[in-house]
Amino acid sequence: MNGIKVDINHLKKGEVNLGTSIMAVNFKDGVILGADSRTTTGSYIANRVTDKLTQIHDTIYCCRSGSAADTQAVADMVKYHLQIYSAQLPPNEKPTTQIAANVFQEICYNNKEHLTAGIICAGYDAKNGGSVYSIPIGGSIHKQEYAIAGSGSTFIYGWCNENYKPQMEKDDCVQFIKTALSEAIKWDGSSGGVIRMVILTKSGVERLIFYPEEYQK
Amino acid sequence: MPGLGFDNYQRNQFLSAKGFGQPMATSTGTTIVGCKFKDGVVIAADTRATAGSIVADKNCEKLHQLAPKIWCAGAGTAADTEMVTQLIASNLELHALAQNRQPRVITALTMLKQHLFQYQGHLGAYLIVAGVDPTGAHLLSVQAHGSTDIGKYQSLGSGSLAAMAVLETNFKEDMTKEEAMKLCANAIESGIWNDLGSGSNVDLCVMEVGKDAELYRNYLTPNVRAEKARSYKFARGTTAVLRESVKNILDIEETVINFTSTADAMEVDA
Amino acid sequence: MTNATVASEYSAEVNHVPIEHRFNPYSDNGGTVLGIAGEDFAVLAGDTRQVEGYSIHSRYQPKVFNVGDDIIMTANGFAADGAALIDRFKNQLKWYKFDHGGKKLSIQSAARYIQHLLYGKRFFPYYVYTIIAGLDENGKGAVYSYDPVGSYEREQCRAGGAAASLIMPFLDNQVNFKNQFEPGTDGKQKKELRYLSLDEVLELVKDAFSSATERHIYVGDGLEILIVTKDGVRTEYYPLKRD
């Protein structure tokens with residue numbers, strides 16, 4: 001089985017594609033997700049300020065790559081499942097990142113023939129702190145300390161492997177993601193625009209945005 | 001079994017192989033745009049519909065009503081944009097009635113994207129959805145496969161590149177209604193002149209918070225038909241009369257009633 | 001190719017269509033042309049829009065040319081082939097003069113020569129519909145039209161290119177009076193043929209092009225008409241709609 005070949009055959013004509021650079025990294029106080037903001041149809045940039053970091057629950061987010069339509073539909077389904085699930089939980093309890101990631105995995109695996117979706121699910125919960133799950137195209141699931149995905153990620157495997165440190169400080173982690181994504185954007189034609197980040201900790205959600213004139217230095 | 005049947009798929013494959021392809025659908029090789037302003041949103045469209053390289057309709061309507069204050073502009077397959085828009089308009093009204101609330105733009109968008117996703121891109125509808133609701137003014141877009149985008153200005157269709165060039169250079173935050181109308185009209189005009197799939201006139205719709213939506217049908221008409229140099233009236237009798245038959249489909253009867261009455265006047269009171 | 005993971009009902013269709021990587025040497029640059037012969041004149045008109053797909057390459061790219069010896073020529077379809085064909089003919093006409101002491105080439109000789117230019121590329125044709133116009137040896141207007149591989153015919157009028165199918169029936173009716181009968185003869189007697197005046201022809205050409213512009217997306221921007229009379233070749237230009 002050749003994953004790439006299958007992927008190319010599967011992309012429908014004129015489909016909006018998230019040729020993407022996305023990542024999520026655990027750090028001392030939780031987890032940070034990062035993404036570029038480019039959406040393309042062929043060679044045309046259909047949206048240069050896309051938000052690929054999608055909220056699934058209060059402090060659970062996902063990074064989407066692949067088909068825009070497929071990943072949005074899957075994210076909407078998971079969001080719906082978690083709403084129903086959390087309503088049945090005792091008060092003050094929230095779904096864990098693991099639960100969310102497993103719902104993603106289930107949907108991606110069961111519908112693998114119709115989906116082009118590469119998802120990173122990351123979140124903060126009181127029980128486990130920050131956690132990162134990667135759900136690549138076939139519908140498998142991988143718990144990782146950090147995850148990178150999308151077409152731009154191929155260019156930064158080496159750099160990330162060399163420079164990742166466990167339990168980073170928040171500022172160091174932001175800098176790590178910013179540098180990694182700016183390299184991915186630099187080398188990958190279908191990634192670009194601004195760098196968006198979401199920081200998930202016990203104190204909630206914080207959003208960051210970095211413009212090209214800053215991250216390109 | 002409810003839903004679509006694919007029984008004819010095999011037959012169509014066979015027919016295609018024999019050289020009988022699918023009939024061509026009227027496509028609105030189109031320019032459509034939308035743009036937010038200080039307290040509302042404007043959408044606009046050109047009015048050309050094409051079938052291949054022939055202009056099928058010189059003044060078609062690409063602005064559709066989803067709800068009184070939610071409108072959308074459609075590009076792609078004309079029939080799909082029209083039908084999908086009518087279906088969602090109906091469901092949106094039922095939903096608003098059931099909830100006893102004003103319909104929201106996000107509701108319309110969610111219904112559209114879920115419907116289009118179900119059809120996996122086979123419904124060729126590309127829509128810019130805009131409107132005002134209790135949560136404010138909104139501008140969104142949906143693509144045939146079911147993906148959606150948010151933005152302060154958007155363009156779709158074959159003329160979207162020409163239109164986006166205008167939007168990217170001239171868009172400002174917090175424009176007045178008039179500025180936004182002008183910007184949208186300019187963006188559409190750019191499509192009309194530079195994209196062969198777009199042409200004729202500009203239609204425009206303004207939705208402002210707290211006000212009724214205003215539709216400006218043929219807001220600009222920069223392509224009035226040129227007057228002909230010659231008259232093409234044919235002298236009576238130029239065409240031969242091959243057969244003539246007159247059928248009596250009604251028998252007329254006339255009865256004259258004389259009203260110079262000698263009858264008694266009506267008794268009013270005894 | 002492995003087909004292990006894509007096993008949907010219609011996946012076979014995807015795998016059986018090979019992706020073609022061959023270079024396509026031709027393209028369609030749109031535009032339309034029209035030639036009419038009168039009693040002592042001939043006109044050849046063409047719009048000045050050049051396109052590819054949904055894009056306009058030029059709003060003023062002339063495609064009707066005075067090639068010399070009071071012959072006007074156009075080759076409509078694939079613009080590069082059209083230009084190449086006309087260049088080749090002009091060049092050959094120059095050499096004809098060198099070789100024959102400046103002798104004037106008659107329109108029927110030009111017509112036959114162009115047939116050979118076209119047929120010479122029988123298996124890699126010039127992708128064009130060619131029309132030439134001029135005056136014959138009796139001073140009467142002449143229009144010759146060709147298919148891409150050189151089959152040709154002398155005609156009273158001919159439309160070619162993108163909107164040919166829109167204009168040709170109009171010409172049949174207005175120039176050759178097809179489907180028109182003398183009033184009062186109950187369709188027994190066809191309307192009598194007569195030569196149209198230059199003014200009438202020019203009006204017909206303008207109306208044909210403004211109407212084609214309305215309904216065909218590859219036609220528009222400008223109309224350039226070349227007119228051949230005993231006094232030589234003259235050019236007129238009229239703007240067309242630009243949408």
Side-chain angles (χ1 to χ4, degrees), chain B residues 6 9-10 12-13 16 27 29-31 46-59 120 157-162 188-202 220-232 234-244, chain C residues 8-10 12-13 16 28 30 32 49 51-57 59 162-163 165-166 170 173-174 177 179-191 196 199-221 223 238-243:
Chain B
F6 286 88
Y9 182 82
Q10 204 79 5
N12 292 344
Q13 287 283 92
S16 297
S27 124
T30 296
T31 312
D46 74 309
T47 68
R48 174 181 281 183
T50 55
S53 54
I54 297 291
V55 178
D57 191 340
K58 292 191 273 188
N59 199 183
Q120 288 290 306
S158 59
S160 65
L161 284 79
I188 294 298
E189 261 203 88
S190 163
I192 286 175
W193 302 127
N194 302 117
D195 171 43
L196 293 180
S198 315
S200 296
N201 312 128
V202 181
L220 292 179
T221 52
N223 281 298
V224 184
R225 198 182 196 283
E227 211 173 298
K228 289 275 154 299
R230 283 173 75 78
S231 159
Y232 295 96
F234 295 99
R236 189 178 287 263
T238 300
T239 301
V241 178
L242 300 178
R243 244 180 309 123
E244 195 175 318
Chain C
S8 70
E9 205 174 333
Y10 306 118
E13 148 198 34
H16 290 326
D28 179 3
T32 212
R49 171 178 289 186
V51 306
E52 192 163 359
Y54 275 153
S55 301
I56 297 171
H57 280 159
R59 294 192 192 276
S165 60
L166 277 67
F170 169 73
N173 182 247
Q174 291 293 316
F177 302 144
N179 298 101
Q180 286 196 257
F181 295 96
E182 286 299 341
T185 65
D186 201 20
K188 295 284 188 300
Q189 198 189 119
K190 284 181 178 164
K191 184 171 171 182
L196 299 176
D199 286 342
E200 286 176 309
V201 165
L202 256 20
E203 284 182 349
L204 284 181
V205 170
K206 281 184 260 182
D207 287 351
F209 272 88
S210 68
S211 297
T213 303
E214 287 287 320
R215 286 289 174 181
H216 203 108
I217 63 173
Y218 288 167
V219 184
D221 292 325
L223 167 62
Y238 302 93
L240 290 171
K241 275 169 63 176
R242 295 157 69 87
D243 72 337

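The structure presented is a predicted model; accordingly, all values stated were derived computationally and were not measured. Computed over heavy atoms, backbone and side chain alike; hydrogens, waters and symmetry mates excluded. Chain A is the first sequence line, chain B the second, and so forth, proteins listed ahead of strands; every chain is numbered from 1.
Contact annotation: the side chain of C:Asp243 approaches that of B:Arg48 to within less than 4.5 Å [non-hydrogen atoms, C-beta and beyond]. Looking only at side-chain heavy atoms (C-beta outward), C:Glu203 and B:Lys228 stay at 4.5 Å or farther from each other.
When each of B:Leu196, B:Leu242, B:Val224, B:Asp46 is scored by its heavy-atom pairs under 4.5 Å with chain C, the top score falls to B:Leu196. Put simply, of C:Lys191, C:Gln174, C:Lys206, the one with the most heavy-atom pairs under 4.5 Å next to chain B is C:Gln174.
Heavy atoms only, all atoms of each residue included: C:Ile56 and B:Trp193 are closest at CD1-O, 3.5 Å. Contact between C:Ser211 and B:Arg225 at its shortest, heavy atoms only, is OG-NH2, 4.4 Å. Listed here is the closest heavy atom pair of C:Ile217 and B:Val55: CG2-CG2, 3.8 Å. Across all non-hydrogen atoms, the minimal contact from B:Ala240 to C:Gly187 is CB-CA, 3.2 Å. Closest non-hydrogen pair, C:Lys241 versus B:Asn223, comes out as NZ-O, 3.1 Å.
Residue contact with chain B, scored on non-hydrogen atoms closer than 4.5 Å, involves the backbone and the side chain of C:Gln180 alike. Only the backbone of B:Arg236 comes within less than 4.5 Å of a heavy atom in chain C; its side chain stays farther off. At a 4.5 Å heavy-atom cutoff, the contact between C:Leu204 and chain B is made by backbone and side-chain atoms alike. If you measure heavy-atom distances from C:Phe209 to chain B, you find no contacts under 4.5 Å at all. For C:Asp221, no part lies near chain B; criterion is any non-hydrogen pair under 4.5 Å. Of the two parts of C:Asn179, only the backbone, made up of N, CA, C and O, holds a non-hydrogen atom closer than 4.5 Å to a non-hydrogen atom of chain B. Residue contact with chain B, scored on non-hydrogen atoms closer than 4.5 Å, is absent for C:Thr185. Only the backbone of B:Asp57 comes within less than 4.5 Å of a heavy atom in chain C; its side chain stays farther off.
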Exercise. Any chance you could lay out the side-chain contact (heavy atoms from CB on, under 4.5 Å) test for B:Ile192 and C:Arg242, step after step, and finish with the verdict?
Key: CA-CA 9 Å; B:Ile192 286 175; C:Arg242 295 157 69 87; over 6 Å; no
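At least one donor-acceptor pair closer than 3.5 Å links the side chain of C:Arg215 to the backbone N or O of B:Ala56.
Residue C:Tyr54 forms a side chain to side chain contact (heavy atoms under 4.5 Å, CB included) with just one option from B:Asp195, B:Asn194, B:Leu161, and that option is B:Asp195.
The CD1 atom of B:Ile54 lies 5.0 Å from the NE2 atom of C:His216; values are rounded to the nearest 0.5 Å.
Taking the six-membered ring wherever Trp is involved, the centroid distance between the rings of C:Phe181 and B:Phe234 does not fall below 6.0 Å.
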